[in-house]
Amino acid sequence: MPDESIIKEKDRFHEAEGIPYDSAVCPGCGCLCEDIDLTLNNDQIIQTFHVCSWGLSKFHLGHRFLREPKHAKLVFPTRKEASGRPLPISYEEAYETTASILHDAMRVVFFGLCQTTFDAQMEAITLVNHLNADLYPSEGMLLTPYFKALKTQTTGMATLEEIRQLATTLIFWGVNPLHSCPRLVARYAVFVGGINAPERHMGRKVFYIDPYENDTGSFSQHIPVTPENELNMANKLTEIIEEGSFSIPTELNLLVQSIETSPFVGLFVGRGIAYSHTPQELMETLFKLRNAINKKTPCVLLPVISDFNALGLYFSMIQNGIDPSTSPYIKGDLLSYHPKRGDAIICIGSDPFWFLKEEQITAIKSLDIPIVAISSLQNQTTHAATIVIPVALTGVETEGLAFRMDGIPIYMRKVLPTAQPTDLNALKAIKERIGGKANG
Ligand code: SF4
């Protein structure tokens, strides 16, 4: 190869002028991809490699749901005036007012907490405990049933790397991986070679079980279900695998064949199970299905987690002595929140107002429920909030520990400088000001 072409190749990789920053961790979703290469210039990221469009938005300090990265950072704390206009205030005033709001509330309700560091989650959980607060984790629809199921079902995980190497049958139940964790299929599960699948996706069989057809269908077989028959189908499939039945419904035929001839099966479960009429039973049945498959061939069940450190939140509950499967304070579905007079809402690392039903938002307004948003980015919740406290964007402007969807701890590194506090510091400042005067 002539020297010239080597130089061109090198230049192409570092075509923008700046300082290379290799192997950054993306705080975009539960894949926590740690292979992101960046080029920095003047405290800005001017080039990114390997990242998907969600991650790209994060590294440009914007929302992951946008097609194009758009800067959406909050700049200073605000308090909403009676007219509805946000008035800039100091951090000190923001912390003091938040402490009074939480102290005076009859019931404190925490939303989110799945997109921050483990340290911030540990701190938040002590505050939840101290205030006898209710907590609606942003991944509660998936992980609260998952942790409840673990009370009666054995655990058993595999790393994403093991799935890449070994799995030749992949089942996506109630999840569109392209939308929940965009690089899961490219990096770990489908379009990548492994010991048992050297021909990449050609050597794997992929199925998705969902009421509707979606773009997962471009590389997998759709098995339709309805919210009414989903549990029956999971039970039926378990029975067929367990008993080796010859009477197999046509829609399950290929799936059963594929499971029975596969050296390793990956069963991925997503938030979609919440739309079944019986999500808890469905989750438990999917664990039973995994056990039945496991008697014949190794199989793992993994939750597909969109919010990058949702597992960290559940680990922090356990470390704080809270059993997420039995605690009446840990809720599953955000949509089950019933606003009451005397509530105060505090949102950290999430945008619950994007998900809440119109009638919930109307009730929050009409009951004058104060809302505190601790957030890096502008969103629907910060627009609705009484107090907004801007913080550094976790994983880009601050370092810290997070847990990948398979439970592997990944340490996120700080890429950009900021003068803003971390959400951990904001929580500590609020807790200090509440002191020992918790309502309860
Ligand atoms: S798949 Fe997730 S972690 Fe990986 S680059 Fe995309 S958003 Fe980031």
Side-chain angles (χ1 to χ4, degrees), residues 25-26 29-35 50 52 142 146 149-150 153-178 180-210 216-223 234 237-238 240-242 244 252-270 273 283 285-306 308 311 403-410:
V25 176
C26 173
C29 74
C31 283
L32 283 167
C33 296
E34 74 305 78
D35 62 342
H50 311 142
C52 72
L142 172 63
Y146 176 82
L150 283 180
Q153 303 296 323
T154 52
T155 180
M157 308 270 279
T159 62
L160 293 173
E161 287 77 6
E162 286 169 310
I163 288 173
R164 172 168 63 205
Q165 294 300 342
L166 303 175
T168 56
T169 295
L170 297 145
I171 306 163
F172 293 97
W173 199 302
V175 59
N176 179 342
L178 296 174
S180 300
C181 292
R183 290 182 76 210
L184 176 63
V185 291
R187 197 169 178 221
Y188 296 111
V190 181
F191 300 104
V192 57
I195 293 167
N196 287 338
E199 325 81 23
R200 304 191 291 169
H201 63 288
M202 303 299 283
R204 306 189 202 260
K205 298 264 185 314
V206 189
F207 302 86
Y208 75 105
I209 297 164
D210 196 279
T216 315
S218 58
F219 57 87
S220 63
Q221 192 204 316
H222 181 216
I223 300 177
L237 186 55
T238 310
I240 293 167
I241 301 287
E242 223 153 34
L252 295 179
N253 225 332
L254 281 178
L255 175 59
V256 172
Q257 268 179 36
S258 180
I259 290 171
E260 289 183 341
T261 54
S262 181
F264 194 103
V265 177
L267 172 57
F268 290 97
V269 180
I273 64 149
M283 180 62 91
T285 306
L286 293 176
F287 269 91
K288 286 177 194 158
L289 171 62
R290 183 214 55 186
N291 296 343
I293 298 173
N294 240 323
K295 285 184 193 158
K296 311 209 161 170
T297 190
C299 174
V300 288
L301 182 155
L302 282 189
V304 180
I305 295 171
S306 298
F308 69 85
L311 269 188
F403 292 86
R404 211 167 65 170
M405 68 169 77
D406 54 1
I408 297 293
I410 305 273

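All values reported here derive from a predicted model rather than from experimental measurement. Nothing fancy with the numbering, it's 1 onward along the sequence.
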Ala292 to Glu242 - nearest heavy-atom pair and separation | CB-OE2, 4.0 Å

Side-chain contact test, heavy atoms from C-beta onward, threshold under 4.5 Å: evaluate it for Leu237 versus Val256 and give yes or no.
-> yes

Any side-chain donor near an acceptor of the partner, Thr216 and Asn176, under 3.5 Å | yes

What pairs with Thr297 under side-chain hydrogen bond (donor to acceptor under 3.5 Å, both in side chains), at least two apart in sequence or on another chain?
-> none

Between Asp406 and Thr159, the two heavy atoms sitting closest are OD2-CA, 3.3 Å

State, with a plain yes or no, whether a side-chain heavy atom of Leu286 is found less than 4.5 Å away from one of Ile273.
-> yes

Mind checking salt bridge (charged side-chain N to carboxylate O under 4.0 Å, His left out) for Arg164 and listing every partner two or more places apart, or none if nothing turns up?
-> none

Residue pair Leu255 / Ile209, side-chain heavy-atom distance below 4.5 Å = yes

Hey, are Thr154 and Arg290 close enough side-chain-wise for a donor-acceptor pair under 3.5 Å?
-> yes

Can you list the steps and then say if Val265 with Lys205 is a side-chain contact (heavy atoms from CB on, under 4.5 Å)?
-> CA-CA 10 Å; Val265 177; Lys205 298 264 185 314; over 6 Å; no

Should Cys31 and Arg187 be marked as a side-chain contact (heavy atoms from CB on, under 4.5 Å) after you check the CA-CA gap, both sets of side-chain angles, and the distance that decides it?
-> CA-CA 9 Å; Cys31 283; Arg187 197 169 178 221; over 6 Å; no

Under the ring pair (Phe, Tyr, Trp, His ring centres under 6.0 Å) test, residues paired with Phe403 that sit two or more places apart | Phe118, Phe315

Cationic N near anionic O, under 4.0 Å, Glu34 to Arg183 = no

Stepwise side-chain contact (heavy atoms from CB on, under 4.5 Å) test for Met283 and Gln153 | CA-CA 10 Å; Met283 180 62 91; Gln153 303 296 323; over 6 Å; no

Does Leu301 reach the side chain of Leu289, with side-chain heavy atoms less than 4.5 Å apart?
-> no

Nearest atoms (heavy-atom pairs only) where Cys29 meets Ser180 = CB-O, 3.8 Å

Side-chain touch Phe268/Val304, heavy atoms, less than 4.5 angstrom = yes

Identify the residue among Phe191, Phe207, Phe172 that makes a ring-ring contact (aromatic ring centres under 6.0 Å, His included) with Phe219.
-> Phe191

Is His201 close to Val206 at the side-chain level, that is, under 4.5 Å between some pair of heavy atoms?
-> no

Check step by step if side-chain contact (heavy atoms from CB on, under 4.5 Å) holds for Leu184 and Leu160.
-> CA-CA 9 Å; Leu184 176 63; Leu160 293 173; 3.9 Å; yes

